[in-house]
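Quick caveat: nothing in here was measured; it's all calculated off a predicted structure. When a residue number appears, it is its place in the shown sequence, counting from 1. First listed ligand is number 1; within each ligand, the first listed atom is number 1.
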Amino acid sequence: MEKNNIAAIRIYAFDIPLRADFNISGSRDGFANNVLVSIETADGRVGWGEASPVSRVTGETQTTCLAAAKKIKAALAGRDAAKLSSCLAAMHRAVAGNPTIKSAFDIALFDLAAQHAALPLCEFLGGRAKPLPTDATIFLRPLDRVIESARNIAAAGFKTIKLKLGHPSRDDIERVRVVRDAVGTKIKLRADANQYWSRDYALQTLKAIAKFHVEFCEQPLPARDRAGLRWLGERSPIPLVADESLFTPRDARRLAIEKWADILNIKLCKSGGLHGALPIARIAAGANTPCMTGCMNESRLGLTAAAHFAAAMDIVKFYDLDSFLMHTADWIEGGLQICAGKVLLPRAPGLGAKPSDRWLAKHKPVR
Ligand SMILES: [Mg+2]
């Protein structure tokens with residue numbers, strides 16, 4: 001067997017306990033039910049990737065990810081991992097859709113390719129490691145807890161807070177007001193309504209919260225209301241970010257070139273990994289539309305891939321790479337760290353992150 005040939009693929013269910021107060025609009029979960037994938041080549045290199053399915057965004061769950069992963073595994077077995085594009089094409093032929101589980105395989109293949117080139121992934125992608133100032137997120141909690149979180153985030157050195165809006169009690173304006181009051185004017189504040197608003201309610205709310213200096217608002221309207229996003233964008237005093245509306249380069253073309261959104265939020269779990277994310281960033285750069293790199297509910301492993309991508313792409317100007325702060329266990333070795341609100345990348349070749357030997361000793365791959 002040639003040294004670059006894929007000798008083994010392992011798929012693991014990866015269940016991470018969440019802090020009890022985790023809640024975004026429309027979901028309430030005790031665990032991040034993720035999937036880890038490792039791809040080993042004949043010369044003993046191992047690439048790692050993570051999928052963090054959020055069904056209300058991509059329609060995928062851990063169960064569907066595991067089922068699709070088995071088909072992708074069969075399609076990749078024995079292939080030359082150095083032929084990255086043909087491996088990815090084989091994956092897309094084997095399974096349509098399913099961008100989240102595909103992202104795990106894509107990241108593992110890029111990890112192998114960057115290891116082979118003896119470069120950290122961000123350099124393999126043509127960029128350089130740099131500290132990335134990330135926000136920290138406040139979820140839909142009671143107002144007194146929102147205030148407490150805002151103070152804790154500012155005290156931990158973060159310069160930006162991302163506030164989830166869209167609570168059924170419709171107290172969005174009050175949420176923004178109490179956070180601004182709690183942290184003063186030196187902290188940036190961004191909002192995310194996760195598709196929960198109607199057009200009229202969104203316009204009214206955006207006009208009302210503009211006085212609290214909100215940097216931008218993510219996905220005010222349902223993803224299916226594309227025309228609504230454009231309508232709102234023409235009227236909103238606050239820049240709008242497409243998140244759940246953006247999956248593919250085709251979406252990016254419409255959103256960026258036709259100016260349906262001011263900013264694009266790229267997530268590897270939506271784009272099918274780096275191979276889909278790179279053309280989105282290029283399209284955005286061509287249209288002079290800044291990007292954000294966000295996350296689902298990844299551990300530091302999946303987040304490290306997103307951070308390498310964000311560091312490599314100059315058009316990515318905003319960073320939301322904080323999901324692991326909501327986890328009560330961390331089984332990743334290497335990987336990114338957050339220090340005083342800044343994401344720091346590992347310097348090792350490849351992704352530079354893997355699950356610990358202790359975790360691996362206790363968990364068997366799925367059959
Ligand atoms: Mg969002």
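Counting only N and O atoms by type, the side chains of D15 and Q62 include a donor and acceptor under 3.5 Å apart. For the residue pair E333 / S356, no side-chain donor-acceptor distance below 3.5 Å is found, with atom types taken as modelled.
Looking only at its N/O/S atoms, D243 has OD2 as the one nearest to the Mg ion (ligand 1). Of all N/O/S atoms in D192, OD2 sits nearest the Mg ion (ligand 1).
Residue contact annotation: D320 places no N/O/S atom under 2.8 Å from the Mg ion (ligand 1). Taking backbone and side-chain atoms together, E218 has an N/O/S atom less than 2.8 Å away from the Mg ion (ligand 1).
Judged by a 6.0 Å distance limit and a 45° cone about the ring axis, R190 is not positioned over the six-membered ring of F318.
Using a 4.0 Å cut-off between a side-chain N of Lys or Arg and a carboxylate O of Asp or Glu, K270 and E244 do not qualify as a salt bridge.
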